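All chains are named by letter (A, B, ...) in the order of the sequence lines, taking the proteins before the strands, and each is independently numbered beginning at 1. Remember, predicted model here, so these are calculated numbers, not experimental data.
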2 protein chains.
Amino acid sequence: MNKDNNIVCEVELIDEKKVKAVQKRLPDDSLITELSETFKNLSDFTRLKILLSLAEDELCVCDIAALTGVSVSAISHQLRLLKNNRLVSHRKEGKMVYYSLDDEHINKIVNEASKHCKEYAE
Amino acid sequence: MNKDNNIVCEVELIDEKKVKAVQKRLPDDSLITELSETFKNLSDFTRLKILLSLAEDELCVCDIAALTGVSVSAISHQLRLLKNNRLVSHRKEGKMVYYSLDDEHINKIVNEASKHCKEYAE
DNA sequence: ATTTCAATTGAATAATTGCTCAAATGTTGT
DNA sequence: ACAACATTTGAGCAATTATTCAATTGAAAT
């Protein structure tokens, strides 16, 4: 803490001016946290495949399990995560529950990421 | 295995036709794997903050550590991951190593994800 | 040569995560 | 009421991961 009772960085800086300029342009930590949590949803093979599938069509849990080759239980756990993060929504029809994509941004995000992947395929 | 010695799905399907149609439109598993690995890089708070910082300016390891409030060693470990995934590049200048963003897609991906986050901020 | 400093590396540890298994819910059909 | 079925849930486990710490590398300065 300095004399004004502010927290000051005790790590040695090489270029303090540059660091402060960058810091000023960064989003709030809270937004960075939200962003990283959003990307976490896309960072698992199974979850990403679920999202890509739902981008094509609405599907029930059982069919998602078949598509991904993962147990129904595991899919249900993953769907709960995706639901909590507002990436999928669901609708009940009798015994069955149909899930669908709840965000038009997902496709755009995946498309941009695909460009990155393809750029470095050798 | 069926009579042709192919692996067949033993899970019961609800709507086989729909599943096959979706399956046909999905990217290869190898691309899904690459995509999920790309998103994994963005899914950690520290790494994402590093990338957002480098999007603003080229920075040395020490200054990135100061910016993020994380030890130099931890930053170095994370930078190695980002370097392996072709998200950052580096240039040496004497004792110091300057890192910079090596992908113009990162900004677009983050921008799209920001829209998702802001849509659900209540 | 020796010291100093920025950065890297490897081992170790605590925390997180994705899956399995078993049990529970809730709905439909008999 | 009961059985069958789709889905959910919670506990437990193995694998992964982000950080710390200590030691090392490589470059500049004395």
pair [X]-[Y]: side-chain heavy atoms closer than 4.5 Å:
X       : Y       : answer
B:Phe45 : A:Leu35 : no
A:Leu54 : B:Val22 : no
B:Asp44 : A:Lys40 : no

**Study point:** Under 4.0 Å protein heavy-atom contact, by nucleotide of nucleotides 23-30 of chain D - B base, S sugar-phosphate only
**Key:** ---BBS--
Point to revise | Residue of the set B:Leu81, B:Ile50, B:Leu82 for which side chain to side chain contact (heavy atoms under 4.5 Å, CB included) holds with B:Leu87 | key: B:Leu82
Pairs under 3.5 Å (N/O, protein and nucleotides 10-14 of chain C):
unit_1	atom_1	unit_2	atom_2	d
C:dG10	O6	B:His77	NE2	2.8

Review point. For the helix from C:dA1-D:dT30 to C:dT30-D:dA1, how many degrees between its two end axes (five pairs per end), to the nearest 10°?
Key: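 The two end axes of the helix from C:dA1-D:dT30 to C:dT30-D:dA1 meet at 20°.
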Taking [atom1] from [X] and [atom2] from [N], how many angstroms apart are they, rounded to a whole number?
X       : N      : atom1 : atom2 : value
A:Ile14 : C:dC5  : CD1   : P     : 11 Å
B:Ile64 : C:dA6  : CD1   : C1'   : 12 Å
B:Leu82 : D:dT17 : CG    : P     : 14 Å
B:Leu48 : D:dA18 : CG    : P     : 13 Å
B:Lys49 : D:dT19 : NZ    : C1'   : 17 Å

Check your understanding: Is A:Tyr99 touching bases, backbone alone, or none of the nucleic acid, heavy atoms closer than 4.0 Å?
Key -> sugar-phosphate
Point to revise | Contact summary for A:Ser36 and B:Leu48, nearest pair of heavy atoms | key: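 Nearest pair, atom of A:Ser36 first, then B:Leu48: N-CD2, 3.6 Å.
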Practice item. With sequence neighbours excluded, give me every salt bridge (charged side-chain N to carboxylate O under 4.0 Å, His left out) pair touching residues 70-79 of chain A. Key: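 For residues 70-79 of chain A, and leaving out neighbouring residues, there are no salt bridge (charged side-chain N to carboxylate O under 4.0 Å, His left out) pairs at all.
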Exercise for review: Sequence neighbours left out, what pairs pass salt bridge (charged side-chain N to carboxylate O under 4.0 Å, His left out) with at least one residue falling in residues 57-68 of chain B?
Suggested key: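 For residues 57-68 of chain B: B:Glu58-B:Arg91.
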Exercise for review: Report the residues that fulfil side chain to side chain donor-acceptor pair (under 3.5 Å) with B:Lys20, sequence neighbours left out, ordered by chain and then residue number.
Suggested key: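 For B:Lys20, the residues satisfying side chain to side chain donor-acceptor pair (under 3.5 Å) (neighbours in sequence not counted) are B:Glu16.
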Point to revise | Pairing residues for B:Asp29 by the side chain to side chain donor-acceptor pair (under 3.5 Å) criterion, not counting sequence neighbours | key: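 If we apply the side chain to side chain donor-acceptor pair (under 3.5 Å) test to B:Asp29, skipping adjacent residues, the hits are A:Lys49.
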Side-chain atoms of residues 69-80 of chain A: list all donor-acceptor pairs with protein atoms under 3.5 Å, sequence neighbours left out, distances to 0.1 Å.
unit_1	atom_1	unit_2	atom_2	d
A:Ser71	OG	A:Ala74	N	3.0
A:Gln78	OE1	A:Arg47	NH1	2.8

Check your understanding: Would you say D:dT19 has OP1 or OP2 under 4.0 Å from some side-chain N or O of B:Gln78?
Key ->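 Yes.
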Point to revise | Presence of A:Ser76 side-chain N/O under 4.0 Å of D:dT7 phosphate oxygens OP1/OP2 | key: no
Practice item. State yes or no: do A:Ile32 and B:Ile64 share one hydrophobic cluster built from I, L, V, M, F, W and Y residues joined by side-chain heavy-atom distances below 4.5 Å, directly or via other members? Key: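 In one cluster: yes.
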Point to revise | Closest to the A:Val70 side chain, choosing from D:dT19, D:dT7, C:dC19 | key: C:dC19
Donor-acceptor list for residues 94-104 of chain A side chains, cut-off 3.5 Å, not counting sequence neighbours:
unit_1	atom_1	unit_2	atom_2	d
A:Ser100	OG	A:Ser89	OG	3.4
A:Asp103	OD1	A:His105	N	2.6
A:Asp103	OD2	B:His116	ND1	2.2

**Study point:** Residue list, salt bridge (charged side-chain N to carboxylate O under 4.0 Å, His left out) with A:Lys115, at least two apart or on another chain
**Key:**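 Scan of A:Lys115 (salt bridge (charged side-chain N to carboxylate O under 4.0 Å, His left out), adjacent residues dropped) gives A:Glu112.
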Exercise for review: Can you sort out the partners of A:Glu37 under salt bridge (charged side-chain N to carboxylate O under 4.0 Å, His left out), two or more places apart, ordered by chain and number?
Suggested key: none
Check your understanding: Which residues in residues 35-47 of chain B have at least one heavy atom lying under 4.0 Å from any atom of DNA chain D?
Key -> B:Lys40, B:Asp44, B:Thr46, B:Arg47
Check your understanding: Between B:Val97 and A:Ile75, who's closer to the 5' end of DNA chain C by nearest nucleotide?
Key ->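 Per heavy-atom nearest nucleotide, the more 5' residue is B:Val97.
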